[in-house]
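Structure, as structure tokens:
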Amino acid sequence: MSLKPNHRLPLMAMGMISLLMALFGGVQRLGWDLPTLTMVLPANHGPLMVGAFLGTVIGLERAVALGALWGFLGPLATGLGGVLLITGIAPPLAQLLVVTGSLMLALLFVAFLRRQFAWFTVIMFVGAISWLVGNLLWFTGSSIFMVVWWWIGFLLLTIAGERMELGRMLFISKLRQGQMIAAVITAMLGVVATLLDVDTGVRILGAGMVAIAVWLGLNDIARRTVKQTGLTRFIAVNLLAGYVWLACCGLLLLLYGADFSGLRYDAVLHTFFLGFIFSMIFGHAPVIFPAVLGRGMLYRPVFYIHVVLLHIFLTVRVVGDLTVEMLPRSVGGLLNALTLLVFVLNTVLAIRANFVAERDQQAG
Amino acid sequence: MVLPCGFSPLIEIGSDKGKQLYYANLSKHEGQQSVNQQQDTQQQNIIWVALQSVMDPEVGINIVDMGMVYTVAVANNQAKVAITMTSPSCPLHVTIRKEARQAIMRRLPKLHAVDVRVVWEPPWTPELMTDEAKKTLGW
């Protein structure tokens with residue numbers, strides 16, 4: 001028995017509030033003078049984005065996929081963790097809740113593997129373990145710049161696994177599948193190696209990222225589906241753009257290695273989390289939000305607005321980071337945050353439009 | 001093509017393996033003693049056509065051509081459909097199941113019951129795709 005769609009709304013709401021507060025803290029970190037909502041928002045920008053927002057949304061998605069009530073404990077934990085991260089109340093409890101959420105996600109993947117064994121599901125399971133390990137390191141006192149690579153591993157493997165699953169439709173040869181698995185293993189070895197030597201580890205991770213990005217750019221089903229129209233094309237456009245940002249992130253890691261603070265670190269994190277991950281989110285939002293919330297969402301060409309804005313302003317920001325120019329970095333970052341607000345607005349309007357269309361259809 | 005039990009799919013399953021899977025699931029599917037076999041067969045065919053309007057949004061191909069529809073059975077105005085998903089961890093089965101049900105009800109509003117189930121055995125494989133689907137993907 002699953003959790004009813006209406007009962008999932010509070011969980012999604014906690015995730016979205018975490019996103020909004022993370023954006024607020026992120027803009028403050030860029031130096032913009034905003035009112036102080038809570039003292040911890042700037043410092044908790046990363047944990048809110050990854051653990052509370054992405055963790056809740058991904059957790060919800062997988063809980064819906066399994067269709068069992070216990071699966072929703074994960075996004076409940078990360079959602080509540082987000083609330084504590086926003087307020088700054090009981091930080092260890094906030095961390096423990098995010099740890100719990102990641103443990104539940106790993107258990108969800110065990111259930112999926114029992115339902116049907118597949119190598120792409122194993123990859124996503126390893127991704128969940130990476131998130132769990134990163135959260136445990138964070139809970140036991142490691143700094144964000146040490147654990148973020150595990151969080152990156154989580155998201156990277158989640159997406160790699162999904163794309164490999166879809167890649168089966170193209171009857172990719174075993175040799176080519178092996179190339180992707182080798183790239184994934186390289187990336188994860190890099191993540192693990194950060195425990196021994198961060199600089200070496202992130203360079204290996206970077207090599208894995210570039211290999212994954214190139215493989216996806218050449219072999220992903222998006223290369224075929226981009227020739228279609230409507231929503232299918234929209235998804236493909238976002239995927240292909242995201243792979244470019246993934247390659248950029250990998251190259252930055254290969255070239256510069258570990259940079260614990262400063263502008264290169266900013267460029268690395270945001271090419272990955274904004275350029276790659278949010279491209280995936282933008283592309284799949286029209287199918288995932290309806291599946292999770294039980295409410296339809298009409299695809300609309302206006303979605304391309306937030307897509308284009310994302311890439312333009314992220315480019316401005318990253319150029320500012322790499323040329324040590326504070327103005328483009330700050331302005332690009334601020335406009336990145338506004339772009340995400342445009343995305344949220346477009347999503348809400350599309351859900352509303354579908355609701356009105358369905359209501360009119362029933363009345364007619 | 002007439003299959004055992006008188007069911008006659010409009011759409012030929014795309015490959016020999018697909019047909020084997022189809023027959024295997026047919027025997028597992030609950031059925032009732034049919035009162036009007038001709039009507040049942042016609043309604044089944046309509047359901048197969050209706051399900052062609054349900055799309056996998058990621059690839060832009062309908063679930064029939066994707067090989068995701070395993071069985072369609074109709075008896076005495078009650079329909080039972082078994083579908084699968086390409087991945088066991090995909091949340092879209094909720095949406096696709098709902099869309100499948102709505103598509104059938106639009107075409108056959110007089111059906112007493114429409115039961116669309118998601119099954120995980122046998123696992124979906126690309127061999128189940130029809131030639132039409134493969135052509136769309138650039139084969």
Side-chain angles (χ1 to χ4, degrees), chain A residues 2 5 58 60-67 108-109 111-118 120-121 124-125 158 161-172 221-225 227-236 239 283-284 286-297 299 358, chain B residues 14-15 17-18 21 53-68 70 83-103 105-106 109 116-139:
Chain A
S2 186
I58 293 172
L60 262 175
E61 188 187 337
R62 302 303 179 190
V64 168
L66 186 66
L108 276 171
F109 276 105
F112 291 136
L113 285 166
R114 291 186 65 184
R115 174 184 271 179
Q116 203 180 89
F117 183 85
F120 51 82
T121 309
M124 289 191 273
F125 170 67
T158 296
E162 282 187 354
R163 302 321 300 171
M164 284 191 71
E165 183 268 310
L166 283 156
R168 294 179 299 159
M169 297 170 197
L170 299 180
F171 291 90
I172 292 172
I221 199 170
R223 288 198 61 174
R224 313 284 175 106
T225 56
K227 295 171 192 167
Q228 295 192 36
T229 58
L231 174 59
T232 304
R233 181 183 204 155
F234 177 76
I235 295 172
L239 290 170
H284 287 100
V287 297
I288 293 301
F289 277 112
V292 170
L293 296 178
R295 283 170 170 73
M297 179 174 159
Y299 159 73
E358 281 184 350
Chain B
S15 66
K17 181 170 181 187
L21 289 170
S53 67
V54 180
M55 308 296 283
D56 181 327
E58 178 90 42
V59 293
I61 298 171
N62 70 74
I63 59 174
V64 174
D65 282 337
M66 283 293 295
M68 290 160 63
Y70 279 171
I83 64 173
T84 193
M85 301 298 294
T86 62
S87 165
S89 60
C90 177
L92 292 190
H93 64 82
V94 175
T95 310
I96 286 179
R97 193 165 151 247
K98 182 179 165 188
E99 287 179 9
R101 202 170 175 282
Q102 286 173 343
M105 292 302 296
R106 272 197 297 270
V116 179
R117 296 185 190 181
V118 178
V119 300
W120 301 104
E121 288 295 328
W124 180 89
T125 62
E127 287 83 5
L128 292 173
M129 291 195 295
T130 61
D131 292 337
E132 190 62 39
K134 291 173 187 173
K135 192 178 160 190
T136 304
L137 288 172
W139 283 95

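Below, read A as the first sequence line, B as the second, and so on, with proteins coming before strands; counting in each chain starts at 1. A quick note: this is a predicted structure, and the numbers were derived from the prediction, not measured.
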Per-residue contact mode, [X] against chain B (heavy atom under 4.5 angstrom):
X	answer
A:E165	side chain
A:L166	side chain
A:F120	side chain

Taking all non-hydrogen atoms of both residues into account, name the closest pair between [X] and [Y] and its distance.
X	Y	result
A:A291	B:P91	CB-O, 3.7 Å
B:P88	A:F112	O-CD2, 3.3 Å
B:L92	A:V287	CD2-O, 3.5 Å

- Message: Taking every non-hydrogen pair under 4.5 Å, which of A:M124, A:K227, A:R223, A:R224 racks up the most with chain B?
- Response: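 Heavy-atom pairs under 4.5 Å are most numerous for A:R224.
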
- Message: Quick check on the interface: out of A:L60, A:L66, A:T121, A:I221, who has the most heavy-atom pairs with chain B under 4.5 Å?
- Response: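 Of the options given, most contacts go to A:I221.
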
What distance separates [X] [atom1] from [Y] [atom2], expressed to the nearest 0.5 Å?
X	Y	atom1	atom2	answer
B:E127	A:R168	CD	CZ	9.5 Å
A:E162	B:S89	CD	OG	7.0 Å
B:M55	A:T232	CE	OG1	6.5 Å
A:R115	B:S87	CZ	OG	9.0 Å
A:Q228	B:I61	CD	CD1	6.5 Å
A:M169	B:W124	CE	CH2	4.5 Å

- Which one, B:I96, B:D56, B:L137, leads in non-hydrogen pairs under 4.5 Å with chain A?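 So the answer, after comparing B:I96, B:D56, B:L137, is B:L137.
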
- Task: Below 4.5 Å from any heavy atom of chain A, which atoms of B:V94 appear? Answer side chain, backbone, both or neither.
- Result: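 The side chain, not the backbone.
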
- Query: Between the side chains of A:T225 and B:E58, does any donor sit under 3.5 Å from an acceptor?
  - Reply: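 No donor-acceptor contact under 3.5 Å links the two side chains.
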
